[in-house]
Amino acid sequence: MEKKKTTIVLFSGDYDKVMAAYIIANGAAAYDHEVTIFHTFWGLNALRKDEPIQVNKSFMEKMFGKMMPRGPEKMGLSKMNMAGMGPKMIKDIMKKHNTMPVSDLIEMAKEQDVKLVACQMTVDLLGFKQDEIIDGVEFAGVAAYLADAEDGNVNLFI
């Protein structure tokens, strides 16, 4: 029997949407699906290392880097962000309910062999360098995503 495939395009950089994508990915992997998450545009922020990395960048690349959250735990919410209070409140509630933070969900996905892909075109556009991205991530274009999605049983855009 052929293994089922799940692909997710993660376009959003909102904490709650990234969390949903990784919960679905981990669930699909637990059900023995081959899972790919293709991170593009703001979804790339989930893959950024949380510490500053010294890399050579142009002025505009530095500006993009400063304006975007560094890592999943620095992302805002899609609704009720309330100048940064929303994420603090939801993380407190998550802790009380023993819900994993996004950074842990990403690690779990890596442990389950979920394929994490950073869109190379977007990496270049936003001025990210590979050293700024967490380990275990592949860099590829849309053709690679489409090859994975072509046989997908579940294809999501978040």
Side-chain angles (χ1 to χ4, degrees), residues 6-31 33 35-140 145 148 154-158:
T6 296
T7 63
I8 300 170
V9 174
L10 184 54
F11 180 84
S12 176
D14 296 320
Y15 188 86
D16 47 321
K17 292 178 183 178
V18 171
M19 182 176 178
Y22 274 90
I23 288 171
I24 293 166
N26 281 308
Y31 276 95
H33 284 217
V35 183
T36 298
I37 305 177
F38 185 78
H39 301 75
T40 190
F41 283 92
W42 320 124
L44 282 172
N45 290 316
L47 300 177
R48 289 183 75 192
K49 292 178 180 172
D50 56 3
E51 72 275 357
I53 305 296
Q54 292 297 327
V55 290
N56 206 8
K57 290 186 170 196
S58 71
F59 176 76
M60 287 302 286
E61 291 171 338
K62 288 177 186 175
M63 290 298 98
F64 269 122
K66 288 184 186 302
M67 291 187 292
M68 292 188 289
R70 190 176 282 120
E73 299 308 322
K74 301 226 173 45
M75 294 177 165
L77 295 177
S78 61
K79 304 278 188 227
M80 300 187 326
N81 197 46
M82 301 179 294
M85 287 303 299
K88 287 180 177 62
M89 291 166 52
I90 196 73
K91 288 174 188 175
D92 187 50
I93 291 168
M94 288 168 58
K95 194 173 189 178
K96 288 178 184 171
H97 289 274
N98 295 318
T99 303
M100 294 176 115
V102 172
S103 53
D104 290 352
L105 291 170
I106 292 171
E107 285 305 311
M108 178 188 281
K110 288 165 57 175
E111 290 168 8
Q112 294 195 87
D113 295 323
V114 170
K115 185 159 89 171
L116 306 181
V117 181
C119 175
Q120 185 65 60
M121 181 196 75
T122 309
V123 167
D124 294 342
L125 280 174
L126 298 179
F128 292 140
K129 306 299 181 201
Q130 288 190 9
D131 291 345
E132 296 177 284
I133 304 298
I134 62 173
D135 295 334
V137 174
E138 296 178 28
F139 294 80
Y145 165 75
D148 285 341
V154 179
N155 296 296
L156 302 172
F157 185 93
I158 300 175

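Below, each value reflects all heavy atoms present in this structure, side chains not excepted, and no hydrogens, waters or symmetry copies. Computed from a predicted model, the values in this text were never measured in an experiment.
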Spacing of [atom1] belonging to [X] relative to [atom2] belonging to [Y], to within rounding of 0.5 Å:
{"X": "Met19", "Y": "Ile158", "atom1": "CE", "atom2": "CD1", "answer": "12.5 Å"}
{"X": "Leu125", "Y": "Phe64", "atom1": "CG", "atom2": "CZ", "answer": "8.0 Å"}
{"X": "Ser103", "Y": "Tyr22", "atom1": "OG", "atom2": "OH", "answer": "11.0 Å"}
{"X": "Ile133", "Y": "Asn45", "atom1": "CD1", "atom2": "CG", "answer": "8.5 Å"}
{"X": "Ile93", "Y": "Ile90", "atom1": "CD1", "atom2": "CD1", "answer": "5.0 Å"}

Could you tell me which non-hydrogen atom of [X] sits nearest to which non-hydrogen atom of [Y], and how far apart they are?
{"X": "Ala29", "Y": "Val35", "value": "N-CG2, 3.7 Å"}
{"X": "Cys119", "Y": "Leu44", "value": "N-CD2, 4.1 Å"}
{"X": "Asp135", "Y": "Lys110", "value": "O-NZ, 2.9 Å"}

Output yes when a side-chain donor or acceptor of [X] lies under 3.5 Å from a complementary backbone atom of [Y], and no otherwise.
{"X": "His39", "Y": "Val117", "result": "yes"}
{"X": "Asn81", "Y": "Leu77", "result": "yes"}
{"X": "Asn26", "Y": "Leu105", "result": "yes"}

Report the C-alpha distance between Phe128 and Val55 in whole Å, list the side-chain angles of each, state the deciding distance to 0.1 Å, and finish with yes or no for side chain to side chain contact (heavy atoms under 4.5 Å, CB included).
CA-CA 9 Å; Phe128 292 140; Val55 290; over 6 Å; no

Tell me, yes or no, whether the heavy-atom count around [X] atom [atom1], taken from other residues, nucleotides or ligands under 6.0 Å, exceeds 12.
{"X": "Met89", "atom1": "CE", "result": "no"}
{"X": "Met67", "atom1": "CE", "result": "yes"}
{"X": "Met80", "atom1": "CE", "result": "no"}
{"X": "Lys49", "atom1": "NZ", "result": "yes"}

Would you sort out whether Arg48 and Lys74 count as a side chain to side chain contact (heavy atoms under 4.5 Å, CB included), showing the intermediate values?
CA-CA 10 Å; Arg48 289 183 75 192; Lys74 301 226 173 45; over 6 Å; no

Do [Y] and [X] meet the salt-bridge criterion of a basic N to acidic O distance under 4.0 Å?
{"X": "Glu61", "Y": "Lys129", "result": "yes"}
{"X": "Asp92", "Y": "Lys96", "result": "yes"}
{"X": "Asp148", "Y": "Lys115", "result": "yes"}

Report yes if some heavy atom in the side chain of [X] is under 4.5 Å from a heavy atom in the side chain of [Y]; otherwise report no.
{"X": "Met75", "Y": "Pro87", "result": "no"}
{"X": "Thr40", "Y": "Tyr145", "result": "no"}
{"X": "Glu132", "Y": "Glu51", "result": "no"}

Give the C-alpha distance, both sets of side-chain angles, the deciding distance and a yes or no for side chain to side chain contact (heavy atoms under 4.5 Å, CB included) between Ile134 and Val137.
CA-CA 7 Å; Ile134 62 173; Val137 174; 3.7 Å; yes

Passes side chain to side chain contact (heavy atoms under 4.5 Å, CB included), Phe38 versus Leu10? Steps please.
CA-CA 6 Å; Phe38 185 78; Leu10 184 54; over 6 Å; no

Member of Val9, Asp16, Asp14 meeting the side chain to side chain contact (heavy atoms under 4.5 Å, CB included) criterion with Ser12
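For Ser12, the side chain to side chain contact (heavy atoms under 4.5 Å, CB included) test succeeds with only one of Val9, Asp16, Asp14, which is Asp14.
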
Of the options Ile106, Thr6, Ile37, Ile8, which is the one that meets Val114 in a side chain to side chain contact (heavy atoms under 4.5 Å, CB included)?
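Only one of Ile106, Thr6, Ile37, Ile8 forms a side chain to side chain contact (heavy atoms under 4.5 Å, CB included) with Val114, namely Ile37.
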
Under a plain distance cut-off of 3.5 Å, with no hydrogens placed, do Thr36 and Thr7 share a side-chain donor-acceptor pair?
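There is no such pair between these side chains.
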
Pi-cation contact, Tyr15 with Lys91 (under 6.0 Å, within 45°):
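Yes - Lys91 lies over the ring of Tyr15, closer than 6.0 Å to its centre and within 45° of its axis.
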
